[in-house]
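All heavy atoms count here, side chains included; hydrogens, waters and symmetry mates do not.
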Amino acid sequence: MFEKLEMAPADPILGLTEAFNDDPNPAKVNLGVGVYKDETGVTPIMNSVRRAERMLLETETTKSYLPIPGAPAYGEVVRAFLFGDAGAYPAATAHTPGGTGALRVAGQFLKKINPDATVWVSDPTWPNHNGIFGDAGFTVEKYTYYNAQQRTLDFDGMLTSMQAMKAGDIIILHACCHNPSGIDPTVEQWEQIAQVVNEKNLLPLMDFAYQGLGRGLDEDAEGLRIVAAAVEEIVVCSSFSKNFGLYKERVGAITLKAGSAEVVNAAFSNLKTIIRRLYSNPPAHGGAIVTTIMNDASLRAEWEGEVALIRCRMAQMRELFVKTLKTKGVERDFSFLMSQYGMFSFSGLNPDQVKTLRQKHSIYIVGSGRINVAGMTQHNMEPLCTAVAEVLAG
């Protein structure tokens with residue numbers, strides 16, 4: 001049977017990383033992969049994480065399986081992180097293998113309980129959203145989000161798209177640091193989104209992968225908390241890969257919130273059945289790190305400081321990129337980058353320009369023009385902007 005198979009297309013982002021790794025140019029720059037890099041170009045291990053791991057090593061007594069949804073203490077930490085108070089709503093949390101694992105579990109769970117729904121994703125969105133929910137058997141449609149000409153949120157278009165959705169449809173909302181545009185709704189816009197979700201009886205699924213990397217830990221949760229307060233049922237798929245630097249530990253969660261404890265318990269029992277058949281139970285180490293840090297005042301204070309440094313560095317790189325392009329004589333206005341949040345932004349570069357940057361300058365950018373500003377450093381900014389200016393000049 002295997003002989004009948006053809007090569008599957010390469011993942012557009014992970015494939016780009018493979019090409020970058022194979023490039024012998026010592027001056028190569030990777031602005032494609034969705035991983036935080038520090039000023040030296042390394043994805044660092046946070047000191048708070050190292051301290052927590054030492055504590056775990058000294059106190060761990062068993063390698064036995066976790067329960068299907070993971071350790072209860074981890075679920076408490078996740079809900080407090082999301083809602084500001086672990087007991088704010090009737091809700092239950094399962095520890096998943098990363099945010100992607102959470103989305104995959106959500107897809108299968110939602111297909112079981114609402115098979116005729118349409119899943120709506122923002123235009124544009126993280127490409128894997130389409131594959132995950134398409135593979136779960138859903139029809140996936142797009143709602144208006146990004147105004148490419150003005151480099152802004154097309155909020156009127158978004159509301160118009162939402163009005164066309166039918167009751168029971170599932171809308172995927174990026175809670176903060178929208179991937180790939182970096183453009184988030186304001187608090188007032190989130191209130192309007194929540195109102196329409198409620199009026200149309202939609203099920204919101206919040207993809208929350210970057211809490212703390214936009215405006216702040218609580219500030220980045222404002223959209224989620226507004227929607228959660230307005231609707232009876234919500235699904236949240238969250239991740240600690242970025243804000244704890246725990247990429248390879250695969251630390252994610254799926255949280256269900258409903259109108260009563262009885263409803264949550266019934267829904268969660270079905271979710272646990274799905275998890276049992278997919279991977280049985282989650283890995284322990286990464287979740288234990290998060291739980292340890294969140295429940296230790298000293299570790300938490302240190303971690304919050306480390307997250308703030310990451311957030312500030314990316315904001316500084318956005319500003320430096322805009323200023324350096326100006327010094328290179330670039331007339332195009334890139335100031336929109338400074339009003340966006342998180343690791344990603346659309347640069348406005350077209351596929352031909354992206355191709356030229358890669359082939360001539362070993363600068364790797366996703367074909368859509370999405371850039372990861374965390375790949376920029378003080379060291380590579382000058383050659384990067386020189387290359388971009390040359391490409392823009394034609």
Side-chain angles (χ1 to χ4, degrees), residues 7-43 123-128 130 145-152 177-183 313-340 342-394:
M7 288 292 295
D11 183 279
I13 297 175
L14 299 182
L16 193 69
T17 299
E18 293 176 3
F20 173 82
N21 291 335
D22 292 338
D23 191 330
N25 187 346
K28 60 188 178 181
V29 178
N30 189 354
L31 301 183
V33 67
V35 175
Y36 176 75
K37 304 282 188 180
D38 65 14
E39 186 60 31
T40 66
V42 172
T43 301
D123 183 15
T125 193
W126 181 48
N128 219 15
N130 297 287
Y145 192 86
Y146 179 64
N147 184 320
Q149 284 70 41
Q150 298 182 10
R151 312 277 199 270
T152 59
C177 304
H178 182 271
N179 179 4
S181 74
I183 301 170
R313 194 188 89 77
M314 291 192 295
Q316 290 168 355
M317 289 302 100
R318 289 177 178 277
E319 183 176 354
L320 183 59
F321 182 67
V322 173
K323 289 182 176 179
T324 306
L325 284 177
K326 285 185 178 180
T327 67
K328 302 294 181 184
V330 172
E331 296 182 358
R332 183 186 296 186
D333 183 11
F334 281 87
S335 61
F336 61 89
L337 291 170
M338 295 189 291
S339 63
Q340 298 171 1
M343 291 199 293
F344 303 117
S345 285
F346 271 147
S347 62
L349 297 169
N350 63 44
D352 288 337
Q353 292 167 333
V354 168
K355 184 178 180 180
T356 300
L357 283 171
R358 174 180 169 180
Q359 293 180 341
K360 190 173 180 180
H361 302 281
S362 293
I363 295 171
Y364 289 76
I365 297 173
V366 179
S368 64
R370 188 205 76 172
I371 58 173
N372 178 0
V373 297
M376 301 176 184
T377 67
Q378 299 278 351
H379 176 72
N380 68 27
M381 191 63 74
E382 278 289 327
L384 168 63
C385 290
T386 297
V388 171
E390 179 182 315
V391 167
L392 290 173

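- Taking 4.5 Å as the limit, every side-chain heavy atom of F321 sits out of range of all side-chain heavy atoms of V373.
- Of all the heavy atoms in A19 and R358, the pair that sits closest is CB-NH2, 3.3 Å.
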Show which side-chain atoms of residues 385-392 pair as donor or acceptor with protein atoms under 3.5 Å away, not counting sequence neighbours.
residue	atom	partner	partner atom	Å
T386	OG1	K328	NZ	3.1
T386	OG1	E382	O	2.9
E390	OE2	K360	NZ	2.7

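- Both the sub-6.0 Å distance and the 45° axial angle are not jointly satisfied by K28 relative to the ring of Y364.
- In terms of modelled atom types and a separation under 3.5 Å, the side chain of S347 and the main chain of G369 share a donor-acceptor contact.
- Not counting sequence neighbours, Y36 has no partner by the ring pair (Phe, Tyr, Trp, His ring centres under 6.0 Å) test.
- You'll find the side chain of S345 reaches within 4.5 Å of the side chain of R318, heavy atoms only.
- Legend: residues meeting side-chain hydrogen bond (donor to acceptor under 3.5 Å, both in side chains) with N128, ordered by chain and number and at least two apart, are absent.
- Remark: M381 CE to L325 CG distance equals 8.5 Å, nearest 0.5 Å.
- Contact record, M376 with I371: CE-CD1, 3.7 Å, taken as the closest heavy-atom pair.
- R313 meets the salt bridge (Lys or Arg N to Asp or Glu O under 4.0 Å) test with E39; sequence neighbours excluded.
- Taking K326 as the reference, nothing meets the salt bridge (Lys or Arg N to Asp or Glu O under 4.0 Å) condition, with sequence neighbours excluded.
- For residues 16-25, the set of pairs meeting the salt bridge (Lys or Arg N to Asp or Glu O under 4.0 Å) definition, not counting sequence neighbours, is empty.
- In terms of heavy-atom proximity, I183 sits nearest to Q340 at CG1-NE2, 3.7 Å.
- By the 4.5 Å heavy-atom criterion applied to side chains, S368 and F346 are counted as neighbours.
- Between V354 and V366 the shortest side-chain heavy-atom distance does not fall below 4.5 Å.
- Taking each heavy atom of D38 and T377 in turn, the nearest pair found is O-CG2, 3.9 Å.
- What you find for R370 and G34 is that their closest heavy atoms are NH2-N, 4.1 Å.
- The CG atom of N380 sits 8.0 Å away from atom CD1 of I363, with the distance rounded to the nearest 0.5 Å.
- The side-chain heavy atoms of L384 and L31, taken from C-beta on, include a pair separated by under 4.5 Å.
- Closest non-hydrogen pair, Q378 versus L320, comes out as OE1-CD2, 3.7 Å.
- Remark: aromatic rings of H178 and Y145 are close, center separation under 6.0 Å.
- Of the possible donor and acceptor atoms, none in the side chain of E319 sits under 3.5 Å from a partner among the backbone N and O of Q316.
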